[in-house]
Amino acid sequence: MVNHFDARLRLREVTQELYDIGDEVAEHIEHLAQAVADVDRELVDECVLELADIVDEAVEDSRPLIGELDGLRQAFTSGIRSGKMGTLTAPSSGQRPRRAPRTIDVQSLSLIPAPLEHPVAVPTVTQAMIARSDAVAAYLEELADWVSAENIRGVEKLGAVALSQLYAQSGRQALAAAAAWCVSVPETHPAVARALRGRRPPEFLMERARIDEVVRRIKRRRMLEHA
């Protein structure tokens, strides 16, 4: 028979794991947004691959956890009713359902900031490419926020949100937006896109660089200690 303390501990662990899965999906969508805002095609491609892997893992890992969390909560509810377990306090954010951001595609991007009629001056094209990149980045940021909010709601009340479908849907929307950006910006005006690369260095790359430097320092110190 599962110990009451162990069951409560496992309940917290599973709940946190599902929170973490949603956070990781949202975080990688934000990474993609930052890469798009920087107009860095190569980094966008890398972020797309990373996000696709993260979403696949999220869908696969979440399914058994959802079933386990449901079973644990039902066991606690039954135990509370029989007087064998203490009160189960589930967190509640009181969040209401939010609609997913509207999808963004090549057609809608081609209208930002206005249809370009050739021949057109380079500064005008540059501003258009910046506007399109910023629009996709803003959309992806909104999508990441939506995933985070819906994930919290879905974990707090199982069944309110189909979590595995949430991860899959958000992944599809993010990847579709990235594909539309690639067609509308770097593939449409490659020279302008190359010139714009680096306009807004991604924060997550700087954070990775900081972590890498810390790791290098620790390794260097350990090598000196054992020299």
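Here the structure is a predicted model, which is why all the values come from computation and not from measurement.
- Distance check, rounded to the nearest 0.5 Å: CG of L32 to CD of E141 gives 10.0 Å.
- Within the structure, side chain to side chain donor-acceptor pair (under 3.5 Å) pairs that include any residue of residues 24-39 do not occur (at least two apart or interchain).
- At most 12 heavy atoms of other shown residues, nucleotides or ligands fall within 6.0 angstrom of atom CD in Q165.
- Scanning for salt bridge (Lys or Arg N to Asp or Glu O under 4.0 Å) contacts around E203 gives an empty result, with sequence neighbours left out.
- For R220, there are no salt bridge (Lys or Arg N to Asp or Glu O under 4.0 Å) partners, not counting sequence neighbours.
- Summarising the geometry of G171 relative to V55, their closest heavy-atom pair is CA-CG2, 3.8 Å, with the distance given to 0.1 Å.
- Hydrophobic cluster membership for V183: V106 (Ile, Leu, Val, Met, Phe, Trp, Tyr linked by side-chain heavy atoms under 4.5 Å, directly or transitively).
- A continuous path of Ile, Leu, Val, Met, Phe, Trp and Tyr side chains, each step under 4.5 Å between heavy atoms, connects L72 with Y19, placing both in one hydrophobic cluster.
- Here the SG-CG distance, from C182 to D45, works out to 5.5 Å after rounding to the nearest 0.5 Å.
- Residue pairs meeting the side chain to side chain donor-acceptor pair (under 3.5 Å) criterion with at least one partner in residues 56-66, sequence neighbours excluded, are S62-S164.
- Taking the salt bridge (Lys or Arg N to Asp or Glu O under 4.0 Å) definition, one finds that R208 meets it with E50, sequence neighbours left out.
- Under the 4.5 Å side-chain heavy-atom criterion for grouping Ile, Leu, Val, Met, Phe, Trp and Tyr, L51 is connected to V59 within one hydrophobic cluster.
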**OP:** I would like to know whether Y167 and N151 meet side-chain contact (heavy atoms from CB on, under 4.5 Å); could you show each step before the answer?
**Re:** CA-CA 9 Å; Y167 309 142; N151 189 65; 2.5 Å; yes
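- Judged by distance alone, the side chain of D23 and the main-chain N or O of S148 form no donor-acceptor pair under 3.5 Å.
- The shortest side-chain heavy-atom distance between W181 and M129 does not fall under the 4.5 Å cut-off.
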Subject >> Verdict with reasoning, E187 to R41, per side-chain contact (heavy atoms from CB on, under 4.5 Å) >> reply: CA-CA 10 Å; E187 292 179 11; R41 172 63 186 272; 3.4 Å; yes
Subject >> Worked verdict on L11 versus R73 for side-chain contact (heavy atoms from CB on, under 4.5 Å) >> reply: CA-CA 8 Å; L11 176 65; R73 285 182 177 173; 3.9 Å; yes
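- Remark: the S108 side chain and the D105 side chain contain an N/O donor-acceptor pair separated by less than 3.5 Å.
- Partners of A160 under the side-chain contact (heavy atoms from CB on, under 4.5 Å) rule, at least two apart in sequence or in another chain, are R153, K157.
- Qualifying side-chain contact (heavy atoms from CB on, under 4.5 Å) partners for D70, counting only residues two or more places apart in sequence or in other chains: Q74, L158.
- Considering all non-hydrogen atoms of both residues, A35 and C47 come closest at CB-SG, 4.0 Å.
- The minimum heavy-atom distance linking V161 with G154 is given by the pair CB-CA, 3.7 Å.
- With hydrogens and angles disregarded, no donor-acceptor distance shorter than 3.5 Å links the side chain of E142 to the backbone of A100.
- Not counting sequence neighbours, the partners of I130 by the side-chain contact (heavy atoms from CB on, under 4.5 Å) test are T126, Q127, D134, L196, R199.
- Side-chain atoms of V136 and L109, non-hydrogen and from C-beta on, do get closer than 4.5 Å to each other.
- Note on V125: it clusters hydrophobically with V36, by side-chain heavy-atom contacts below 4.5 Å among ILVMFWY residues.
- Qualifying side-chain contact (heavy atoms from CB on, under 4.5 Å) partners for E42, counting only residues two or more places apart in sequence or in other chains: D40, R197.
- Closest of all the heavy-atom pairs between V147 and G22 is CG1-O, 4.0 Å.
- Taking OG of S110 as the reference point, atom CZ of R132 lies at 6.5 Å (rounded to 0.5 Å).
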**OP:** In sequence, state the C-alpha distance, the side-chain angles, and the governing distance for I21 and L65, and then conclude on side-chain contact (heavy atoms from CB on, under 4.5 Å).
**Re:** CA-CA 11 Å; I21 287 174; L65 291 172; 3.8 Å; yes
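- Remark: E13 engages R10 in a salt bridge (Lys or Arg N to Asp or Glu O under 4.0 Å) (not counting sequence neighbours).
- By the rule that hydrophobic residues join a cluster once side-chain heavy atoms approach within less than 4.5 Å of another member, L143 and V48 end up as members of one cluster.
- Sorted by first and then second residue, the ring-ring contact (aromatic ring centres under 6.0 Å, His included) pairs with a member in residues 124-153 form an empty list; sequence neighbours excluded.
- Nearest heavy-atom pair across P201 and G198 is CD-O, 3.7 Å.
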